[in-house]
Participant: 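Got a structure here, written out as structure tokens. Questions coming.
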Number of protein chains: 2
Amino acid sequence: MAAMARAATTSDVFNAIAEPQRREILVLLRAGERPVTELAQELGMTQPGASKHLRVLREVGLVRDRKAGKQRLYGLDARGLRPVHEWTGGFERFWNESFDRLDAYVQDLKQARQEE
Amino acid sequence: MAAMARAATTSDVFNAIAEPQRREILVLLRAGERPVTELAQELGMTQPGASKHLRVLREVGLVRDRKAGKQRLYGLDARGLRPVHEWTGGFERFWNESFDRLDAYVQDLKQARQEE
DNA sequence: TTGACGCATGCCGTTATGGGTATACGATGG
DNA sequence: CCATCGTATACCCATAACGGCATGCGTCAA
């Protein structure tokens with residue numbers, strides 16, 4: 001097995017939300033549960049297309065589905081987005097500070113490393 | 001031009017950070033500028049591999065490069081991560097609150113955590 | 001039971017991706 | 001000028017990703 005193309009989107013939230021349409025689905029679901037067809041229609045995609053995106057989102061745990069008679073309602077489960085929020089938050093000081101102070105901060109880190 | 005595979009990683013920060021190794025590069029760069037070879041070594045990848053990831057990061061604006069003699073130093077520019085942080089932040093209330101149709105599954109998890 | 005509806009899946013084709021290896025290129029040192 | 005170092009690129013391979021279309025499957029209504 002020589003060359004992997006990319007980590008499977010199926011196993012990684014970062015990857016799951018890399019797809020713009022999947023992000024749109026998540027945004028729509030903030031307003032409440034929806035059946036597949038409705039999502040597909042609102043986002044201008046085919047029903048199979050929506051189903052596939054929803055599957056990815058389900059497999060990383062960002063949505064859950066519930067059978068409601070003939071329909072299947074998809075609902076948001078945003079807990080998986082928290083790690084992403086926190087990871088990016090780890091860079092917050094780098095966009096909140098001026099680059100001068102940033103440089104100083106970097107110098108501090110360099111110093112610290114050298115003294116270890 | 002029938003089937004596009006995916007939005008180019010080149011044009012989208014969400015996509016750029018979907019790659020675990022690229023995330024590692026960004027984390028490393030928080031400690032300061034580094035030449036390609038050093039990054040490659042610290043992350044256990046080949047130099048061309050590192051260069052390619054850095055190129056993607058550069059094209060979405062997450063890193064900047066600066067020539068320093070024979071070397072080329074890469075530095076972090078985390079401003080592009082802010083939109084990601086804010087986008088995920090838009091879901092914060094969904095992981096901090098319990099809301100109507102979130103079923104017993106979620107409740108169970110909360111219970112479990114409180115009892116730890 | 002039969003049809004219609006709602007949705008998931010399978011298959012196909014195209015494109016992008018990541019890794020590896022070899023190589024081209026710019027800068028520096030002799 | 002020539003050799004070398006540091007880096008970027010080109011090329012190739014294998015695979016995963018998306019989209020479209022057709023179809024399968026379960027559910028509800030008549």
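None of the values given here were measured: they were computed from a predicted structure. A, B, ... follow the sequence lines: proteins, then strands. Residue 1 opens every chain.
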Participant: Expressed in angstrom and rounded to an integer, what is the separation of E19(B) atom CD from dA16(C) atom C1'?
Facilitator: 13 Å

Participant: Whole Å only: how far is the CZ atom of R55(A) from the C1' atom of dA8(C)?
Facilitator: 8 Å

Participant: Tell me if the CD atom of E42(A) is crowded by more than 12 foreign heavy atoms within 6.0 Å.
Facilitator: yes

Participant: Among dG18(C), dG6(C), dA8(C), find the nucleotide with the atom closest to the side chain of T37(A).
Facilitator: dG6(C)

Participant: Which of the following nucleotides, dA8(D), dC21(D), dA8(C), is nearest to the side chain of R58(A)?
Facilitator: dA8(C)

Participant: So, does R72(A) get its side chain near the phosphate of dG26(D), meaning an N or O under 4.0 Å from OP1 or OP2?
Facilitator: no

Participant: To the nearest Å, give me how far apart CZ (R23(B)) and C1' (dG18(C)) are.
Facilitator: 15 Å

Participant: Can you tell me if Q21(B) touches the phosphate of dG19(C), counting only side-chain N or O atoms and a distance under 4.0 Å to OP1 or OP2?
Facilitator: yes

Participant: Would you call the rings of H85(A) and H85(B) parallel, tilted or perpendicular, where under 30° means parallel and over 60° means perpendicular?
Facilitator: parallel

Participant: Look at E19(A) together with R23(A) and state whether they make a salt bridge at an N to O cut-off of under 4.0 Å.
Facilitator: no

Participant: Grab the CG-P distance between N15(A) and dT17(C) for me, whole Å please.
Facilitator: 11 Å

Participant: Kindly say if K67(B) contacts the phosphate of dA27(C), meaning a side-chain N or O under 4.0 Å from OP1 or OP2.
Facilitator: yes

Participant: With a 4.0 Å cut-off on N to O distance, would you call E59(B) and R55(B) a salt bridge?
Facilitator: yes

Participant: Using the closest heavy atom to pick a nucleotide of DNA chain D for each, name whichever of G49(A) or A68(A) lands nearer the 5' end.
Facilitator: G49(A)

Participant: Given that P35(A) and G69(B) both sit by DNA chain C, which one's nearest nucleotide is further toward the 5' end?
Facilitator: P35(A)

Participant: Using whole Å, what does the distance between atom C1' of nucleotide dG30(C) and atom NZ of K70(B) come to?
Facilitator: 12 Å

Participant: Please work out if T46(A) contacts a base, only the sugar-phosphate, or nothing of the nucleic acid, heavy-atom cut-off 4.0 Å.
Facilitator: sugar-phosphate

Participant: Measure CG/L57(B) against P/dA8(D) and give the value in whole Å, please.
Facilitator: 12 Å

Participant: If I take atom NZ in residue K52(A) and atom C1' in nucleotide dA17(D), what distance separates them, rounded to the nearest angstrom?
Facilitator: 10 Å

Participant: May I ask you to evaluate whether Y74(B) reaches the phosphate of dA8(D), defined as a side-chain N or O under 4.0 Å from OP1 or OP2?
Facilitator: yes

Participant: Among dG18(C), dC7(C), dC21(D), find the nucleotide with the atom closest to the side chain of V36(A).
Facilitator: dC7(C)

Participant: Provide, to the nearest angstrom, the distance between the CD atom belonging to Q41(B) and the C1' atom belonging to dT7(D).
Facilitator: 15 Å

Participant: Please name the residue in the list V36(B), I25(B), L28(B) that meets the side chain to side chain contact (heavy atoms under 4.5 Å, CB included) test with Y74(B).
Facilitator: V36(B)

Participant: Which one, dT9(D), dG6(D), dG19(D), comes nearest to the side chain of H53(A)?
Facilitator: dG19(D)

Participant: Is a donor-acceptor contact shorter than 3.5 angstrom present between the side chain of Q71(B) and the base of dA27(C)?
Facilitator: no

